[in-house]
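Values below: all heavy atoms of this structure, side chains included; hydrogens, waters and symmetry mates excluded.
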Amino acid sequence: MENPLENLGSKHLIKKHEFVRIIIQCLYSLGYRKSAVSLESESGIAYKTVELKSLESHILDANWDACIDCLNRLNGLTNETRASALFLVLKQCSLEYLNRGDDSSALEILQKHISGLQVEKEKVHKLAFGFLSLKELGLGKADLDVISNLRDFLLMELEKVLLPPITLPERRLEYLVEMAVWSQIDNCVYHNSVDAISLYEDHHCDGGQFPTKTTQILTNHRNEVWYVQFSNNGNYLASSSSDCTAIIWKVLDDGNLTQRHVLQSHEKPVSFVAWSPDDTMLLTCGNMEVLKLWDVETGTCKHTYGGDGFIVSSCGWFPDSKRFVCGSSDPEKGIYMWDCEGKEIKSWRGQRMPKVLDLAVTPDGEKLISIFSDKDIRILNVGTGAERVIPEEHPITSLSLSGDGKFFIVNLNSQEIHMWDVAGEWLSPMKYKGHRQHKYVIRSCFGGFDSSFIASGSEDSKVYIWNRRGSKPIEILCGHTMTVNCVSWNPKRPHMLASASDDQTIRIWGPNVQSR
């Protein structure tokens, strides 16, 4: 048992010789070779173990029998690890035989030694196939420098295969420090920055860089504002209103927004907008009306989809910016997939596709998530047709995806927001409470650093913000005078949030710099 005095830290949990060894490894990896050698000499602790040094010597000298004997004598290795290490060594040995033209020796190693190892047969077959063509292996005319580089590469691969304490995981100290830093970030409820943090002190954000202050009020709409969404590049904001228009706003360098285009073509209120992934086009959904495609640069309407009796509830783009889907609240219509020229590519309709209230497409284009029959969430694999249904106990009003497409949130009229994982590993959702929602469609969103936060509108005229790890709001933003219908967090400016309200305004929220 180790002497406790040789353990470091206030709780004596850090073994001194391990700590020194990974410092030496770090010095080598950073290029401070002289310092590393000096520390090894002064401490009497070597970065490389006797076993690893022995392996290194045998490999550099091409003493393959001694190398194999050394691997067989190592204690504490599982059969799988030992077999993987032997495979790497025997592979290098056979390739060097081939390079010298000694095909019979290479073939003997393959037949008598490699084929009997407990490794994936695919690896053995691939190596055997490579023996048929030296050109494919790039060893047809390998010189001594190439052989030397291959041996160095073999040593690096063995260090990854063999386990501590024989070897150390690559850049171990950097990994441990990064994990400590990430733990502090993870415990900081207001962390909202992509910048590296200082190691000189414990990390803590005071909320000064969090969007809690109204920085601008946009009043160009003439009626209730129902929807807002920032573009994917964060340079624009689109809004839609019951005044039958949508507006494209430009985000200026100083953080203010200015009107770029007013999109006037709908005959009924505009309830939904969706940016193409490349931000060159915008879809607008008329409430109980048609779907329109707009050119963002010119503000002109490129195409109108649907006609009499066509009811669109929501829409979502595929990652190629050439196809999109739209859902209808009419059970007879279901979901359509169109291209930008107006051609219908595919549709899902019928008894198994009742009215669709909201939908979204994951960023990889593989999953189509939709809300139907009020209380059910349907996740469809577009390629295979496989689907999964998640039932909720209360009616769902809206759906929003995280930026990486791994999670989604739904707003329920039970005054809860539920977060689910797209992969389907969770048995129950994470729940968020505090806002007010009884009668209206309220929309929420992910946002901030690493999509760490959730923001939502509310029927009490406020904006609520949660850290994803906690069920209670960390901020409640006041300013609107009527129901807040929708919020959107700028994906490129984590300190900028927009909210749309029945009070006919859009509020832009930014940091309260005075609190810093």
Grab the two heavy atoms, one from [X] and one from [Y], that are nearest each other, plus how far apart they are.
X: Ile369; Y: Leu399; value: O-CD2, 3.6 Å
X: Ala238; Y: Val273; value: CB-CG2, 4.0 Å
X: Pro211; Y: Asn192; value: CD-ND2, 4.0 Å
X: Gly405; Y: Pro363; value: CA-CD, 3.5 Å
X: Asp358; Y: Ser398; value: OD2-CA, 3.5 Å

In terms of ring plane angle, is the pair [X] and [Y] parallel, tilted or perpendicular, where the classes change at 30° and 60°?
X: Tyr190; Y: Phe210; value: perpendicular
X: Phe449; Y: His191; value: perpendicular
X: Tyr305; Y: Phe324; value: perpendicular

Distance, nearest 0.5 Å, that separates [atom1] of [X] from [atom2] of [Y]:
X: Asp404; Y: Thr362; atom1: CG; atom2: OG1; value: 10.5 Å
X: Ser241; Y: Gln504; atom1: OG; atom2: CD; value: 7.5 Å
X: Asn467; Y: Tyr432; atom1: CG; atom2: OH; value: 8.0 Å
X: Ser38; Y: Ile24; atom1: OG; atom2: CD1; value: 10.0 Å
X: Ser193; Y: Asp450; atom1: OG; atom2: CG; value: 12.0 Å
X: Ile23; Y: Arg172; atom1: CD1; atom2: CZ; value: 14.0 Å

Determine yes or no for a side-chain-to-main-chain donor-acceptor pair under 3.5 angstrom, with [X] supplying the side chain and [Y] the backbone.
X: Ser461; Y: Thr483; answer: no
X: Ser458; Y: His435; answer: no
X: Asn381; Y: Lys367; answer: no
X: Thr245; Y: Gln264; answer: no
X: Asp295; Y: Thr298; answer: yes
X: Ser276; Y: Ser321; answer: no
X: Asp339; Y: Gly342; answer: yes

Would you find more than 12 non-hydrogen atoms of other residues, nucleotides or ligands less than 6.0 Å from [X] atom [atom1]?
X: Glu344; atom1: CD; result: yes
X: Arg33; atom1: CZ; result: no
X: Gln259; atom1: CD; result: yes
X: Asp253; atom1: CG; result: no
X: Tyr28; atom1: OH; result: yes
X: Glu178; atom1: CD; result: no

Donor-acceptor pair between [X] and [Y] side chains, under 3.5 angstrom:
X: Tyr236; Y: Asn232; answer: no
X: Ser452; Y: Arg468; answer: no
X: His203; Y: Glu201; answer: no
X: Ser471; Y: Trp466; answer: no
X: Asn411; Y: Ser444; answer: yes
X: Thr397; Y: Gln437; answer: yes
X: His394; Y: Asn413; answer: no
X: Ser183; Y: Asp186; answer: no
X: Thr214; Y: Trp509; answer: no
X: Gln184; Y: Trp182; answer: no
X: Asn235; Y: Asp279; answer: no
X: Trp420; Y: Glu392; answer: yes

Under 4.0 Å between a side-chain nitrogen and a carboxylate oxygen: does that hold for Glu18 and Arg21?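 Salt bridge flag = no for Arg21 with Glu18.
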Residues Lys250, Thr258; criterion side chain to side chain donor-acceptor pair (under 3.5 Å); working and verdict: CA-CA 5 Å; Lys250 172 65 176 175; Thr258 183; over 6 Å; no
Between [X] and [Y], is any pair of side-chain heavy atoms under 4.5 Å apart?
X: Phe230; Y: Val251; result: yes
X: Ile248; Y: Leu237; result: no
X: Ile442; Y: Glu459; result: yes
X: His221; Y: Ile247; result: yes
X: Met419; Y: Pro429; result: no
X: Val228; Y: Val487; result: no

Pair Trp426, Phe407 - check ring-ring contact (aromatic ring centres under 6.0 Å, His included), show working. CA-CA 11 Å; Trp426 297 2; Phe407 306 95; 5.4 Å; yes
Go through the steps for His438 and Gln415 under the test side chain to side chain donor-acceptor pair (under 3.5 Å), then give the verdict. CA-CA 7 Å; His438 292 289; Gln415 303 191 108; 3.3 Å; yes
Start with the C-alpha distance between Arg378 and Glu387, add both sets of side-chain angles, then the distance that settles salt bridge (Lys or Arg N to Asp or Glu O under 4.0 Å), and finish with yes or no. CA-CA 7 Å; Arg378 178 176 180 260; Glu387 65 177 60; 3.1 Å; yes
Kindly determine whether Phe453 and Trp489 satisfy ring-ring contact (aromatic ring centres under 6.0 Å, His included), including the steps that lead there. CA-CA 9 Å; Phe453 305 98; Trp489 213 304; 5.8 Å; yes
Audit row: Ser239, Trp249, side chain to side chain donor-acceptor pair (under 3.5 Å) steps and yes/no: CA-CA 8 Å; Ser239 60; Trp249 310 83; 2.9 Å; yes
Evaluate the side chain to side chain donor-acceptor pair (under 3.5 Å) criterion for residues Thr284 and His266: first the C-alpha distance (whole Å), next the side-chain angles of each, then the deciding distance (0.1 Å), finally the verdict. CA-CA 9 Å; Thr284 58; His266 285 282; 2.7 Å; yes
